[in-house]
2 protein chains.
Amino acid sequence: MSIADYPFAPLGGAEDRAMAIREQLREAIIDRRLAPGTKLGEAEVGALFDVSRTVVRSALQMLSFEGLVRSERNRGSFVANPSPEEARQVFDSRRLIEPALAAAAIERIGPADVARFRELLAEEDRLMGQRGTSVRRAEIRASGDFHLELARVAGNAVLARFMEELVARSSLVIALYGRTGASSCGHADHGSILGALEQRDAALAASLLVHHIDHIEADLDLRPASGLGLREALASE
Amino acid sequence: MSIADYPFAPLGGAEDRAMAIREQLREAIIDRRLAPGTKLGEAEVGALFDVSRTVVRSALQMLSFEGLVRSERNRGSFVANPSPEEARQVFDSRRLIEPALAAAAIERIGPADVARFRELLAEEDRLMGQRGTSVRRAEIRASGDFHLELARVAGNAVLARFMEELVARSSLVIALYGRTGASSCGHADHGSILGALEQRDAALAASLLVHHIDHIEADLDLRPASGLGLREALASE
DNA sequence: ACGGCCAACTTTGTATGCAATCTGGTCGAC
DNA sequence: GTCGACCAGATTGCATACAAAGTTGGCCGT
């Protein structure tokens, strides 16, 4: 897969171009349009978006900080290729943070928030009814959005930013190690989690969230990957 | 206070200059040599380190991602000026993450780790015996190092990176809102926390950590700051 | 005298050029 | 025939030049 396959919008108003490119690349990565290991050459990306390498470097640096891109000095940037160990750490972190977010969200959730959650669920439902790879991508993103909304409602901007990173990296991990396309298996979970939030049952919400994350992780094949160096080498081009 | 006051080392080997500058600025900020609100002009910083603005921009962008620097488009970068609300969120996040780190660390801690912890404690002791502002700075950093070591021992690189950010931002918050110089008040806490880790008592370690963080936060004056805009204006130059 | 406007200066945003480093291939020696 | 060194191409790292936005101070009009 080449980044040239990505049909990007013309960057309309483009307030901050580096940020816009970061967003585009980010979505491409978590939507799995850009495979892990894909090289992101500064010149190539710059040509695609019609900006100089300066701007591209800025965007790539941001993505590198988020863990979505791995940069090697004098070699270039590549879509990250998280190891099974990294994957475990990401999910461990989520199991730690998300129940706390739920507890905080329960203190603050209002009707408007519930409505937004329901919109997200409806979108997930709509996508689940369809078939096709692009639909599947949108579905994965919508699933992540549910967790991001949870972080937003919880009202802790610091944790929300962490969650943004964790959700993005989760998508990458699922792309790499997902056994089935069953990332959607957790959809029903989202509904029950929202229910727990509405009932202000923090313990239940926390329990459901942990199980939800367990489910997602259980669908992964995190075995050390036989020829690790080899596999990585093969995957990187 | 001007950044020109900072006596930086000549950047010896300088593998990655942007990273080196980031590190220098970072230490200057958490050591409170750079006051919150201080403007970090690209040209000025570049002249100090004898590099082009390109490199400085890269360093500032990293710091901006860490929350230590606030960048405004077409206006410049400033040492961050966290609001009381942000401060609370930082400490809330630490209260969430650190007990979990302690639990994980207990599973992995070994003699070498204990030795390292003891070194850090000894360093804190040594610094606490002295007087002077530069000593106080070193002491604050040493105190942070204890928590970073905890994150390292816990073995979760994702959470360790989060903690690095949280500790750094905590230093900034203490600089802004600290009532006494009593950030050291928690020193004894570190000793007992290490004791709990050695005894493999996760519940005790978690409890001690939470109280420790409570202590630090309790020493802050997080009232909304009377003339907010004015204060900010005064602090920014 | 006060308020708004304009112009010069300052600072940041972006593009481009050059040097350094790495990659891959080819040629030569053993 | 294989291994090693060297060379050409490509790519990144950094510096500089130019463009755009913002800020400051003074000037003019009311």
Side-chain angles (χ1 to χ4, degrees), chain A residues 2-4 8 10-25 34 37-65 69-80 229-230 232-237, chain B residues 2-4 8 10-25 34 37-65 69-80 229-230 232-237:
Chain A
S2 160
I3 66 176
F8 57 88
L11 293 178
E15 177 182 309
D16 188 332
R17 300 199 271 174
M19 199 68 88
I21 291 174
R22 160 184 173 272
E23 215 58 51
Q24 300 257 10
L25 287 177
L34 285 172
T38 304
K39 164 138 195 179
L40 301 171
E42 297 177 359
E44 189 183 1
V45 177
L48 268 175
F49 289 96
D50 196 39
V51 295
S52 75
R53 293 197 296 121
T54 307
V55 180
V56 175
R57 282 178 75 83
S58 176
L60 289 176
Q61 187 180 8
M62 292 190 254
L63 291 167
S64 176
F65 256 72
V69 159
R70 166 180 46 93
S71 287
E72 297 176 30
R73 184 181 174 87
N74 283 325
R75 286 199 20 87
S77 301
F78 307 82
V79 177
L230 177 60
E232 199 173 317
L234 291 174
S236 73
E237 200 68 37
Chain B
S2 160
I3 66 177
F8 57 87
L11 292 179
E15 177 183 310
D16 189 332
R17 300 200 270 175
M19 199 68 90
I21 291 174
R22 160 184 174 270
E23 215 59 50
Q24 300 258 11
L25 288 178
L34 285 172
T38 304
K39 165 138 194 180
L40 301 172
E42 297 178 359
E44 189 183 1
V45 177
L48 268 174
F49 289 95
D50 195 40
V51 296
S52 76
R53 292 199 298 121
T54 307
V55 179
V56 175
R57 282 178 75 82
S58 177
L60 290 176
Q61 186 180 5
M62 292 191 252
L63 291 167
S64 175
F65 257 70
V69 159
R70 167 180 43 93
S71 288
E72 297 176 29
R73 183 180 175 87
N74 284 323
R75 285 198 21 87
S77 300
F78 307 82
V79 177
L230 176 60
E232 196 173 319
L234 290 173
S236 73
E237 201 66 40

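Numbers restart at 1 for each chain; the letters A, B, ... are given by sequence-line order, proteins then strands. Just so it is clear, the structure is predicted and the values come from calculations on it, not from any experiment. All values below were derived from every heavy atom in this structure, side-chain atoms included, with hydrogens, water molecules and symmetry-related copies excluded.
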Worksheet item: Counting only N and O atoms by type, is there a donor-acceptor contact under 3.5 Å from the side chain of B:Q61 to the main-chain atoms of A:S58?
Response: yes
Worksheet item: Rounded to whole angstrom units, what separation is found between the CD atom of B:E42 and the P atom of D:dA21?
Response: 16 Å
Practice prompt. Look at the side-chain N and O atoms of A:R57 and state whether any lies under 4.0 Å from the OP1 or OP2 oxygen of D:dG13.
Written response: yes
Fill in: Whole-Å gap separating P (D:dG13) and CD (A:Q61)
10 Å
Worksheet entry | B:F78 CZ - D:dG22 P separation (whole Å) | 14 Å
Item to complete: State, with a plain yes or no, whether a side-chain heavy atom of A:L60 is found less than 4.5 Å away from one of A:L25.
Response: yes
Worksheet item: OP1 or OP2 of C:dT14 sitting under 4.0 Å from any side-chain N/O of A:T54?
Response: no
Item to complete: Indicate the atoms forming the closest heavy-atom contact of B:V51 with B:R17, along with that distance.
Response: CG1-NH1, 3.8 Å
Discussion item. Can you see if the side chain of A:R17 gets near the phosphate of C:dG13 - specifically, an N or O under 4.0 Å from OP1 or OP2?
Written reply: no
Worksheet entry | Value in whole Å for how far the C1' atom of C:dG13 lies from CD of B:E72 | 15 Å
Worksheet item: Closest heavy-atom contact between A:S77 and A:V69?
Response: CB-CG1, 3.8 Å
Item to complete: Establish, with yes or no, whether the OP1 or OP2 oxygen of C:dT12 is under 4.0 angstrom from a side-chain nitrogen or oxygen of B:K39.
Response: yes
Worksheet item: Can you tell me how far P of D:dA19 sits from CZ of B:R73, to the nearest Å?
Response: 17 Å
Worksheet entry | Given DNA chain C, 5'-ward residue of the pair A:R75 and A:R53, judged by closest heavy atom | A:R53
Worksheet item: Roughly, in whole Å, what's the span from CD1 in B:I21 to C1' in D:dC14?
Response: 11 Å
Worksheet entry | Rounded distance (Å) that lies between atom P of D:dT11 and atom CG of A:N74 | 14 Å
Worksheet, complete the sentence: B:D50 atom CG is separated from D:dT16 atom P, nearest whole Å, by 9 Å
